[in-house]
Structure formats: structure tokens, C-alpha cells
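To start, the structure under review is shown below, and the notes come after it.
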Amino acid sequence: MEELKLKYLERLSDLYPSIAKASTEIINLQAILNLPKATEHFLTDIHGEYEAFAHVLKNGSGSIRRKIGDVFGNTLSARDKQSLATLIYYPREKMDRIRREEANMEDWYRITLYRLIEVCKCAMSKYTRSKVRKALPEDFAYVIEELITEKPDLRDKEFYYNAIISSIIETERAEEFIVALSGVIQRLTVDHLHIVGDIYDRGPGPHIIMDRLMQHHSVDIQWGNHDVLWMGAAAGQRGCIANVIRICARYGNLDILEDGYGINLLPLASFAMDTYGDDPCACFALKGRGGATAREQEMERKMHKAISIIQFKAEGQIIRKNPGFKLEKRNLLHQIDFEAGTIEIEGRTYELLDKNFPTVDPAHPYAFSQEEADVMDRLEKAFLNCEKLQAHMRFLLNKGGLYKVYNQNLLYHGCVPLNQDGTLKSVRIYGRAYKGKALYEVLESYVRKGFFALDKKERERGKDMMWYIWLHENSPLFGKDKMATFERYFLAEKETHREKKNPYYELLEDEAVVNRILREFGLPEEGTHIINGHVPVKSKAGESPIKCGGKVLVIDGGFSRAYQKETGIAGYTLIYNSYGLILAAHEPFESTEAAIEKESDIHSDSIVVKRTLARKTVGDTDIGRRLRERIQDLNELLGAYRSGLIPEKL
Ligand SMILES: O=P(O)(O)OC[C@H]1O[C@](O)(COP(=O)(O)O)[C@@H](O)[C@@H]1O
Ligand SMILES: [Mn+2]
């Protein structure tokens, strides 16, 4: 036996010091391999919609409702099942309502506790005892375990359970117990969560979503272009900072920065008031700022314009500093004829909708004015010093990456840049060519360098790369030929607003192309899927999120309210359980209040994308592969004990 292996087995023998211990572990692991595969939940493009996010997380996109159906079948009315589901999602709020209506609470507690225990038993049946034990809340762990464990040799089981439940009610712990059981059911129903990008921007609560995710028991994140934009901002990249503030302003969400993250926007506000005092800033009207007073709206419009101009300048500076990005054609300020109020783009002259550029010096259009430079200095410091933002970004870095291969599925936010003929597009990053997986990997390494590189130049490159990932044609997270921000503000001609998508999006029905991508990421062509978000699926116009016969699932349906008009629904989510893949289409989410009151689940229908022939087990998953390796090692350890190579440590 080679020395390294022997050393390893000796280490292992510390953990399993005897033949008996090693064999018991093998039997345990073998048993786990045969348990049903745990449920995975996929969400994408949440875009700050924290209430809808929290709701979908609570109901596991229909998983809890399915579980209740499995347990009670026709023995409970549809209404009762729905009430039970709502109770599991929102136990405290639901009980506040029930207390007002229910005449006999003791009866209600008793029936409800029985029902919850049945659902809990079903939810835990997939897991080992030790895993269930870890999921139990400390206070009630012992009692819950007693109630959910079958006791075949107990003669009067009924009496035993009844006694426990009675004492829970008598000691006035029923409500706390119901809350605890609901939490356990939620926790066990969905074992692992995947966020396929775009937590940030457009909606009001990305920071609340981040707080939630940081408490989640098991999550991974594939960064979206908006997330990387925020990461760049947190790293102090000025193009990213300006974009982040501009988007918050555009959607009337400056509160996220001021209240959510404690970033002081006063310097920007007073600069904007001074500079654009008489300017109506009509092109910079806010989306969705119903609650604000006219005066507030006016100020925010001015801030919106001020930061937009700063953004175009900051981006001009980045483009000039990085000729390798080949973005010179996206620098537009020097194409403006300030006298005539027109701009020339690709040989055509357009009239500008807003002709007032008090801070732009035509001789040096990309240079900040002194005041703009001061504002940016202060904003950069504020972003760099914001502890909460830095903690959120650290979490994204720890739990996330640009792509993930998990249980034979390939997950990424946007696309794999392709040529028109479906081959992988080669992209130059700082002088070297990359494509496919290598492109993903080099870009991810630069994101990390932007935070951690000691070498200043590499760190700067990493920071600029985050801005590149946000909007570059060759960025797999963006995948469009340009980001037409300037045109959308300043030009009436709609054709200039168009952003052409990478051929990837048209080739998704082409199996040869899809197989090529799967192979590129080391996956077999059969039994595997690509799961991505980023482009809203226009279900209203008949588009399906299921592409290439189910091999590709594009699950961005628009959590983002701003996009619901187009998509017609409020997004798709995906569940992958032991029976297969289930896609849920969600109805727009009204409010948490309404969800409790109307007991609504907000998914209209679930489509089974793929039903497995045999129920999938842990043995079919990545964890299963690791467990089998472990079993193999333990078998070798047993061999070593038996052959006398390693002595038992008794
Ligand atoms: O609709 P908005 O918020 O103005 O944003 C439009 C911009 O957002 C983008 O769609 C990028 O955001 P997504 O990643 O959410 O698609 C750009 O392509 C486009 O320029
Ligand atoms: Mn996106």
C-alpha cells in the first residue's frame, strides 16, 4: 500500500478505531444512500422583491402543499388543507387571526398539533435521525422527537401521545410549539436552495433578502450581473457605484442605500440641487415612487440625473483606461454637439431629449467637475466603509460563484457566449483568449482578485472586471450587444434602445449546441439540465421556459414587478425532488397580508418537466458519490484491520 494511502487510513482509524465501529459506519452510510434524494429549490431574478421571495421560500414553491396532500389525501377538505398550509407558512400571523374567530381554542390546538405532527413525520421520512435531530429547535427537540418517532412496542400509544399534547396545551406552550413545528416542516421540506442570480436592483428589499439568505441552512448562489455590479460597488469600483445609485434612484429605491445600508447620500443630493436646480430633469422621472411627495420626487429626479452623468463620465474613464475592453464605441459624451443639442451615433445624428449638461466640459467630456469628484470620493468611502454591505458581499463571495455544477445540473445566471454557428465564442481578457468554462473561471478569479489581491494592479483589474461583467457584450452574465442606458434616457428613437441578445438565446432549442455546453462543463448529455435566468420568459406571448425538450430551463419569469407586464406572471421557480423536476409558475404577489388573509399560494400551476422512472435516491446525487467514496475508504480500513496492517485502537 502506498505511503500516502496508509497515512490516510491511519487518520481514518482515529475516527473508526475498531472493526465494529468501521463496519457500523459502512452500514449507516449504505442506508443513507438508499434514502430518497432531498429536495432542491431554485429561484432566480428576485430583484429586491423580498415579500414574494419570503413567501415562495416559505411554501417551497408548492412543496409544502404537496406534502399536505400526500399525508391527508381526501381525508381533509381542500379548504382545511389550504388553511394548514398557510399556518405552516405564517404560524404567528395565522394564529392571531384564528384566536379572534375560534370559540374553542383548546380543540383547535389539539387537532392542529396532530395534523402538524403527521406532516412533520412525512417531511422527515427522507432523512436520517441525526439530520432531523440537528434541524429541531432546541427548546422542543426532545418532545418533537418523542412525537414523531414510532413506538411500536408501546401498548397504549394513543394515551402516551395524548398525554404529551395535553401537557403542551395545559402549560400554554401550544402556540410556541406550533411555530416550532412549522419551522421544522419548512426546514425539512426543502433541503437546499439555489439562487440563480440577480438578488439586487429594481425592487425595494435586496438587503432584506440577503439577511434572510445569510440565515438559511443550505444555499448556493450563482451571481447575476446585478449582484456583481453591487460587488464591484462594494469593492470601490466607481463605474459600479454610479450604476448602483442610478438604478436605486430610477426605481425610487434610494432608501435601500440610505436606510438599508446607511450610506449617506446627502453630498449627492446637495450637489444635484445646486447643479440642476432649474432643470426639470424630465428624462429622469422615477419608476414607481407613488408614496413620495412632489418635492421629494423632484429632488430624486435631480439626483437621478446627477448620478447618471457621473456614471457616463466614470465609464468613459474606465473605457479609456482599458483599451482591451474595446468599448470605445460606447463612449458617447464626446459625440454630443452641445450647441445643437444633438449626438452622432454610428453615423446618424439624433436630437437629444435633454440638452442641459452643465457639468460637461466639451473639451474634456469625461472629466469630473470638482464637485462631482468630491461627491464620488465621499461615495466611494461610504461604500468601502459600509460594514453591512461588506458583510453581504462577503457572503456572496463565500456562498457563490459564476456557475455551479450540482447533481448533474449546470447552473448559471445568463449564458455561455456563443458564435452565430453555436460554437463557443473566444473572448480576450487582459490579453489572453478564453471560452466556455475557462471564460467563466477567469472572470470569477478576477472578481475575487478585486477583493483580495495584494498586488494593486491585479486588484484594480479585478475591480474593473466586475464592471465589465455587468455590461460587456462578452460577459456571460450580460449576453447582449450593448447596454443602451444612454440611449434610453436621451433618445426618442426606440430602435436605439434595442439590446441584441447573444446567439445563445436563439440556439437554446438546438440540441447539438446544448450538448456542447454540457460537455464543456464536464457533464454527460443525458439526464442533465442547464438552469438559467436573466431573460424574462414572455409567457404571455406563448413563450415557454422549457427549452430543448426539457434540457434547458430558463426560469426568469419576473419576480420583478417592473417586468410583470411583459411576462404576464410573477416568475417561475423550480423544484427538484426525488420524483423529478417540477416547474411552478407564480401569480403576482399582492402582499404578505393578503397571502395570509386569502390563504393564497401564489402559484397558478405546476408543470412536471421531468418525472424520473425510479425515485431518485441519495445514491444518485453528488453527496451519494462522496458517501460511496467514504464507504470505499472504510472498506479499505476494514481490510487493513483484518490483514493486521493497522491495529485496532481498543
Ligand atoms: O429596465 P431597466 O431597469 O431600466 O433596466 C434595463 C437594463 O437592465 C438590463 O436588462 C440588465 O438587467 P437584467 O440583468 O435584469 O436583464 C439591461 O440589459 C438594460 O439596459
Ligand atoms: Mn440579469
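Just so you know, ligand 1 is whichever comes first in the structure, and atom 1 is the first atom listed for that ligand. Just the heavy atoms: all of them, side chains too, but no hydrogens, waters or symmetry mates, feed the values below.
- With a heavy-atom cut-off of 4.0 Å, His534 touches ligand 1 through backbone and side chain alike.
- For atom 9 (C) of ligand 1, the closest heavy atom belonging to the protein is Arg202 NH2, 3.7 Å.
- The pair Glu298-Arg295 meets the salt-bridge criterion, since a charged nitrogen lies less than 4.0 angstrom from a carboxylate oxygen.
- A salt bridge (charged side-chain N to carboxylate O under 4.0 Å, His left out) with Arg330 holds for exactly one of Glu499, Glu473, Glu487; it is Glu487.
- Residue contacts with ligand 1, taken as heavy atom pairs separated by less than 4.0 Å, involve Asp198 solely via side-chain atoms from C-beta onward.
- Counted by atom type alone, Ser63 and His41 present zero donor-acceptor pairs between their side chains at under 3.5 Å.
- Near Tyr251, with a cut-off below 4.0 Å to any heavy atom, the atoms of ligand 1 are 1 (O), 2 (P), 3 (O).
- When hydrogens are left out, the protein atom nearest atom 12 (O) of ligand 1 is His226 NE2, 2.7 Å; that is the closest non-hydrogen contact.
- A salt bridge between Asp354 and Lys305 is present, with a side-chain N of the basic residue lying under 4.0 Å from a carboxylate O of the acidic one.
- In this structure, Arg250 is not positioned above the aromatic face of Phe284 in the sense of NZ or CZ being under 6.0 Å from the six-membered ring centre and within 45° of the axis.
- Among all protein heavy atoms, the one lying closest to atom 7 (C) of ligand 1 is Arg488 NH2, 3.5 Å.
- You'll find the ring centres of His47 and Tyr251 outside the 6.0 Å limit.
- Checked options Asn225, Asp227, Asn532, Asp556; the residue passing with His413 is Asn225 (criterion: side-chain hydrogen bond (donor to acceptor under 3.5 Å, both in side chains)).
- Atoms of ligand 1 lying under 4.0 Å from any heavy atom of His47, numbered from 1 in the order shown and given with element: 15 (O).
- Looking at Trp470 next to ligand 1, no N or O pair under 3.5 Å apart turns up.
- Each of the following atoms of ligand 1 lies closer than 4.0 Å to a heavy atom of Phe478: 17 (C), 18 (O).
- Because its NZ or CZ atom is both nearer than 6.0 Å to the ring centre of Tyr446 and within 45° of the ring axis, Lys449 counts as a cation-pi partner of that residue.
- In this structure, Lys321 pairs ionically with Glu460, as a charged nitrogen and a carboxylate oxygen lie closer than 4.0 Å.
- The Mn ion (ligand 2) forms the vertex of an angle spanning NE2 of His413 and ND1 of His534; to the nearest 10 degrees it equals 90°.
- Considering both main-chain and side-chain atoms, Asn225 comes within under 3.5 Å of ligand 1 through a nitrogen or oxygen pair.
- Around atom 10 (O) of ligand 1, the closest heavy atom drawn from Glu499, Lys480, Arg250 belongs to Lys480.
- Contact annotation: Asp198 places an N, O or S atom under 2.8 Å from the Mn ion (ligand 2).
- Tyr403 and Phe521 have perpendicular rings, their planes meeting at more than 60° on a 0 to 90° scale where under 30° would count as parallel.
- Note on ligand 1: Thr485 sits outside its first shell, no heavy atom being nearer than 4.0 Å.
- Of the protein's heavy atoms, Tyr563 OH, 3.1 Å lies nearest to atom 1 (O) of ligand 1.
- Heavy-atom proximity to Met483, at under 4.0 Å, picks out these atoms of ligand 1: 17 (C), 20 (O).
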